[in-house]
Chemist: 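Please read through the structure below; I'll follow up with questions.
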There are 2 protein chains.
Amino acid sequence: MSSGELEVLNKMGRRVTVHRGQTLMWEGDDSSLVANVIEGVLKLSTSTADGREQIVGVVYPSDFIGRPFGSTTHHSVTALSDARVCLFTRSAFDEFAREHPELEHKLLQRTLTELDRARHWMLLLGRKSASERVATFLLEMSQRLAEASCSGPADMVSRFDLPLTRQQMADLLGLTIETVSRQLTRLRQAGIIDLPDRRAVVILDQAAMEDAAGLA
Amino acid sequence: MSSGELEVLNKMGRRVTVHRGQTLMWEGDDSSLVANVIEGVLKLSTSTADGREQIVGVVYPSDFIGRPFGSTTHHSVTALSDARVCLFTRSAFDEFAREHPELEHKLLQRTLTELDRARHWMLLLGRKSASERVATFLLEMSQRLAEASCSGPADMVSRFDLPLTRQQMADLLGLTIETVSRQLTRLRQAGIIDLPDRRAVVILDQAAMEDAAGLA
DNA sequence: CGACACGTTGATGTTAGTCAACTTTGGTGG
DNA sequence: CCACCAAAGTTGACTAACATCAACGTGTCG
């Protein structure tokens, strides 16, 4: 896209700050807004009628949120950290996108990647044990944070801070908070990871970790 | 798209018949083909290194399969029934799509819908009990078959044939074959469904079914 | 300092998985 | 046509894994 077009798109958007814990969109709402993440981390989640929650996605800077070309939002969007997003009304965004195939193409590629990611997560939820889930999660987190921080060709970071509480990890992994805690303890006691404080994780043994994740 | 363009697209594609059980694409393969389903039902699946399988999607006529604009296929595609598909080489399809924004738009919409569907399934895999999973599956199947058969405004069919074996249902629901069988028996004994033969299902009590699915 | 949210650990319960026997179905060839 | 066989499905007994319930740290912020 030309820089002129990008400028127009930028003007259409409204920069908004969202505080940790604040919900930007609600499951089942009319889909009247879409947005781009500028800074921070947010979760996408759905719940059963009786309140059990499942996190269905975690979005990082440059990721897209909301449901263009559709009338309802199928999951809630909540900030996991303080975040800044660029908000568009759906109608304006849809119209702009229809006129700019380049943008639609970008969006299509991202959506295809997200779909692959979601389907891959289904394998974890449907078929992996609690310990495999926790190990897989930590590995993936280290990879995504490495990608985000562009820390050169080394595609892993061995120390990082979790943007999630134990409860949120449980909601993402389809487990309970106690099970997550116990599995983390097990990995620590096995000398595979270290947990310097409650947000930090250090991966000490990459190979053992991949093994524990069921990538045997 | 104009009928002329559609004709070109159609000529690009090669009609292929796939027999039940035959695999069209393998997880991890180079993504060199994409296709449109003309007739039949196919599954998308991934497996862990040690062979546990998870079905991550079921596709019906008019659905799209394969990974355009990406180099590897992230899941296998296998025919659940004899099927006919319209096959394209990925390079030819990608090129054609880039030149036809209308096609890309259509594809984007479908992909967004698939993503919503996949994320909704994550709630089932992460948070629902075995009986809720089976009930949810049967309800969704009846809805999708109703949509497909365009049986008027009534958006449910109460009797239908499953395109899946018990093992495949288990792989889709993240359960074992025995658990699926037991839950079906439970629903039958409760008078909520009938199972005239091993492929057929009759939903006798829609409300009880929705209740059992956790849509309380 | 104290309150509260977050996290860990232990004891116990429940659900679904495992292992095994058995039944039904559908297809094949004598 | 029927006997036989393999594949699919069901059922039961037992087990393992995770959830639940409950008590007990720990760090943070007023």
Side-chain angles (χ1 to χ4, degrees), chain A residues 19-21 43 48 50-54 78 80-82 124-138 161-190 193-201 212 214, chain B residues 19-21 43 48 50-54 78 80-82 124-138 161-190 193-201 212 214:
Chain A
H19 292 288
R20 165 203 259 245
K43 67 169 181 175
T48 57
D50 63 347
R52 285 167 284 173
E53 179 168 327
Q54 177 67 44
T78 307
L80 293 174
S81 64
D82 288 349
L124 177 143
L125 293 174
R127 291 298 183 208
K128 290 195 178 180
S129 69
S131 49
E132 289 172 323
R133 292 184 202 198
V134 172
T136 305
F137 164 72
L138 294 177
D161 282 310
L162 294 167
L164 303 166
T165 65
R166 296 287 186 270
Q167 182 60 64
Q168 287 159 351
M169 287 174 60
D171 290 341
L172 180 62
L173 297 172
L175 298 170
T176 59
I177 185 174
E178 295 95 330
T179 300
V180 170
S181 180
R182 276 187 254 267
Q183 296 306 330
L184 286 172
T185 305
R186 260 188 74 261
L187 287 171
R188 185 171 48 74
Q189 285 174 344
I193 61 170
D194 190 23
L195 303 166
D197 66 63
R198 59 177 163 181
R199 283 300 176 120
V201 177
Chain B
H19 292 288
R20 164 204 260 247
K43 68 169 182 175
T48 57
D50 62 347
R52 286 168 284 174
E53 180 169 327
Q54 177 67 44
T78 308
L80 294 173
S81 64
D82 288 349
L124 177 145
L125 293 174
R127 291 299 184 206
K128 290 194 178 182
S129 69
S131 49
E132 289 172 324
R133 293 184 201 199
V134 171
T136 305
F137 164 71
L138 293 177
D161 282 309
L162 294 166
L164 304 165
T165 66
R166 296 287 186 270
Q167 182 62 62
Q168 288 159 351
M169 288 175 60
D171 289 342
L172 181 61
L173 298 172
L175 299 170
T176 59
I177 186 174
E178 294 95 329
T179 299
V180 170
S181 181
R182 276 188 256 268
Q183 296 305 331
L184 286 172
T185 304
R186 260 187 74 262
L187 288 171
R188 185 171 49 73
Q189 285 174 345
I193 61 170
D194 190 24
L195 303 165
D197 66 64
R198 60 175 162 184
R199 283 302 176 118
V201 177

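Chain identifiers are assigned alphabetically (A, B, ...) following the order of the sequence lines, protein sequences preceding nucleic acid strands; residue numbering begins at 1 within each chain.
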Chemist: Based on the rotation axes of five pairs at each end, what angle does the helix from dC1(C)-dG30(D) to dG30(C)-dC1(D) bend through, to 10°?
Modeler: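 For the helix from dC1(C)-dG30(D) to dG30(C)-dC1(D), the axes at opposite ends meet at about 30°.
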
Chemist: In whole angstroms, how far is the P atom of dA8(D) from the CG atom of L184(B)?
Modeler: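 Those two atoms, CG and P, are 17 Å apart.
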
Chemist: Please name the pair of heavy atoms, one in R133(A) and one in L125(A), separated by the smallest distance, quoted to 0.1 Å.
Modeler: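 Scanning both residues completely, I find the closest heavy atoms to be NH2-O, 3.1 Å.
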
Chemist: Report the residue (S131(A) or R188(B)) whose heavy-atom-nearest nucleotide on DNA chain D is the more 5′ of the two.
Modeler: R188(B)

Chemist: Between S181(B) (side chain) and I177(B) (backbone), is there a donor-acceptor pair under 3.5 Å?
Modeler: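 Not a single qualifying donor-acceptor pair exists.
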
Chemist: Provide the closest heavy-atom pair for T179(B) versus A130(B) in the form atom of the first, atom of the second, distance.
Modeler: CG2-CB, 3.6 Å

Chemist: What are the two closest heavy atoms between V180(A) and V134(A), and how far apart are they?
Modeler: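 Here V180(A) and V134(A) meet closest at CA-CG2, 4.4 Å.
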
Chemist: Do L184(A) and L138(A) come within less than 4.5 Å of each other through their side chains, counting heavy atoms only?
Modeler: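 Yes; the side chains approach each other to less than 4.5 Å.
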
Chemist: Tell me the closest heavy-atom pair linking A200(B) and P196(B), and the distance in Å.
Modeler: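 Reported closest heavy-atom pair: O-CD, 3.6 Å.
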
Chemist: Applying salt bridge (Lys or Arg N to Asp or Glu O under 4.0 Å), name anything that partners K128(A), two or more places apart in sequence or on another chain.
Modeler: none

Chemist: Minimum heavy-atom separation for E132(B) and R127(B), please, with both atom names.
Modeler: OE1-O, 4.4 Å

Chemist: Go through the steps to decide whether L195(B) and T185(B) satisfy the test side chain to side chain contact (heavy atoms under 4.5 Å, CB included), and finish with yes or no.
Modeler: CA-CA 9 Å; L195(B) 303 165; T185(B) 304; 5.8 Å; no

Chemist: Under 4.0 Å from any heavy atom of chain A: name the first and the last nucleotide of DNA chain C that qualifies, 5' to 3'.
Modeler: dC6(C) to dA11(C)

Chemist: Assess whether atom CZ of R199(B) is packed by more than 12 heavy atoms of other residues, nucleotides or ligands within 6.0 Å.
Modeler: yes

Chemist: Evaluate the side chain to side chain contact (heavy atoms under 4.5 Å, CB included) criterion for residues D194(A) and R188(A): first the C-alpha distance (whole Å), next the side-chain angles of each, then the deciding distance (0.1 Å), finally the verdict.
Modeler: CA-CA 5 Å; D194(A) 190 23; R188(A) 185 171 48 74; 4.2 Å; yes

Chemist: Got a donor-acceptor contact below 3.5 angstrom from the D82(B) side chain to the H19(B) backbone?
Modeler: no

Chemist: Between dT20(D) atom C1' and R52(A) atom CZ, what is the distance in whole Å?
Modeler: 14 Å

Chemist: What's the CZ-P distance between R186(A) and dA17(D), to the nearest Å?
Modeler: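 Result: 10 Å.
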
Chemist: Are F137(A) and L164(A) close enough, and set up right, to give a side chain to side chain contact (heavy atoms under 4.5 Å, CB included), and what steps lead you there?
Modeler: CA-CA 11 Å; F137(A) 164 72; L164(A) 303 166; 3.5 Å; yes

Chemist: Sort me out a list of protein N/O and nucleotides 25-30 of chain D N/O pairs below 3.5 Å, or just none if empty.
Modeler:
none

Chemist: Does either side chain, that of R186(B) or that of Q183(B), offer a donor lying less than 3.5 Å from an acceptor on the other one?
Modeler: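 A pair is found: one side chain offers a donor N or O, the other an acceptor, under 3.5 Å apart.
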
Chemist: Which residues in residues 161-172 of chain B have a heavy atom closer than 4.0 Å to any atom of DNA chain C?
Modeler: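 None - not one residue of the stretch has a heavy atom sitting under 4.0 Å from the strand.
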
Chemist: Shortest non-hydrogen contact from R20(A) to L80(A)?
Modeler: CG-O, 3.6 Å

Chemist: Can you list, in residue-number order, the parts of residues 173-181 of chain A that come under 4.0 Å of DNA chain C, counting heavy atoms only?
Modeler: E178(A), S181(A)

